[in-house]
Amino acid sequence: MTEFACYVQLLVPMLWVGMVVAISFLEAPIKFRAPGITLPLGLGIGRLVFRALNTAELALAVTLSLALLGLIGGPVLIFSFVLQLIGVF
């Protein structure tokens with residue numbers, strides 16, 4: 001296993017947990033305190049945010065799996081992050 005794959009194995013889970021914590025415990029409650037946000041509008045925004053989070057989680061899961069299998073390198077990592085960006089938008 002390469003040194004790069006070891007770094008990916010350490011950093012991807014931390015990024016993943018940070019994203020989940022930020023959205024679940026910060027974004028979701030604060031969204032409903034914003035002026036002018038009704039319950040239906042807030043729920044619609046939440047659906048979009050969590051759909052983007054699920055896409056990012058899938059990309060991170062694939063990246064982490066490739067790193068654990070030792071198949072990840074520079075081009076594979078770049079490709080997986082490009083797919084993640086495309087999926088979020």
Side-chain angles (χ1 to χ4, degrees):
M1 185 174 313
T2 66
E3 183 179 354
F4 184 73
C6 290
Y7 287 129
V8 171
Q9 290 175 19
L10 291 173
L11 295 176
V12 167
M14 287 188 267
L15 176 65
W16 195 335
V17 168
M19 290 171 54
V20 170
V21 167
I23 289 177
S24 297
F25 298 111
L26 292 175
E27 186 272 339
I30 290 173
K31 167 179 48 199
F32 290 103
R33 293 184 184 165
I37 299 295
T38 62
L39 183 62
L41 183 59
L43 293 175
I45 293 169
R47 266 190 237 105
L48 292 173
V49 168
F50 278 98
R51 185 179 305 142
L53 175 64
N54 290 338
T55 303
E57 286 178 324
L58 179 62
L60 290 172
V62 168
T63 303
L64 184 59
S65 298
L66 291 173
L68 290 171
L69 293 171
L71 301 174
I72 200 159
V76 175
L77 181 65
I78 292 169
F79 180 71
S80 68
F81 282 125
V82 167
L83 284 180
Q84 178 180 352
L85 289 174
I86 290 171
V88 169
F89 292 113

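The structure presented is a predicted model; accordingly, all values stated were derived computationally and were not measured.
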* **Hydrophobic cluster of Tyr7, others only, ordered by chain and residue number, side-chain cut-off 4.5 Å** =>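 None; Tyr7 is a cluster of one.
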
* To do: Report the hydrophobic cluster partners of Leu11, with the cluster defined as I, L, V, M, F, W, Y residues connected by side-chain heavy atoms closer than 4.5 angstrom, directly or transitively.
  =>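 Members other than Leu11 - counting any ILVMFWY side chain reachable under 4.5 Å - are Leu10, Met14.
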
* Please list all pairs passing the side-chain hydrogen bond (donor to acceptor under 3.5 Å, both in side chains) test where one or both residues lie in residues 16-25, with sequence neighbours left out. =>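 Checked against side-chain hydrogen bond (donor to acceptor under 3.5 Å, both in side chains) - neighbours excluded - the pairs reaching residues 16-25 are Trp16-Glu57.
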
* **Pairs where residues 25-40 contributes a residue and the test side-chain hydrogen bond (donor to acceptor under 3.5 Å, both in side chains) is met, not counting sequence neighbours** =>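 Residue pairs with at least one partner in residues 25-40: there are none.
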
* To do: Show the numbers, then the answer: is there a side-chain contact (heavy atoms from CB on, under 4.5 Å) between Val8 and Thr63?
  => CA-CA 8 Å; Val8 171; Thr63 303; 4.0 Å; yes

Which heavy-atom pair separates [X] from [Y] by the least distance, and what is that distance?
{"X": "Ile37", "Y": "Leu41", "result": "CD1-CD2, 3.8 Å"}
{"X": "Val12", "Y": "Leu60", "result": "CG1-O, 3.6 Å"}
{"X": "Gln9", "Y": "Ala67", "result": "NE2-O, 2.9 Å"}

* To do: Output all residues satisfying side chain to side chain contact (heavy atoms under 4.5 Å, CB included) with Phe32, sequence neighbours left out; order by chain, then residue number.
  =>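 Result, side chain to side chain contact (heavy atoms under 4.5 Å, CB included) vs Phe32: Leu39, Leu43.
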
* To do: Under the side chain to side chain contact (heavy atoms under 4.5 Å, CB included) rule, collect the residues that match up with Val17, sequence neighbours excluded.
  =>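 Result, side chain to side chain contact (heavy atoms under 4.5 Å, CB included) vs Val17: Val21.
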
* **Separation of Asn54 CG from Leu58 CG (nearest 0.5 Å)** =>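 Separation between the atoms: 9.0 Å.
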
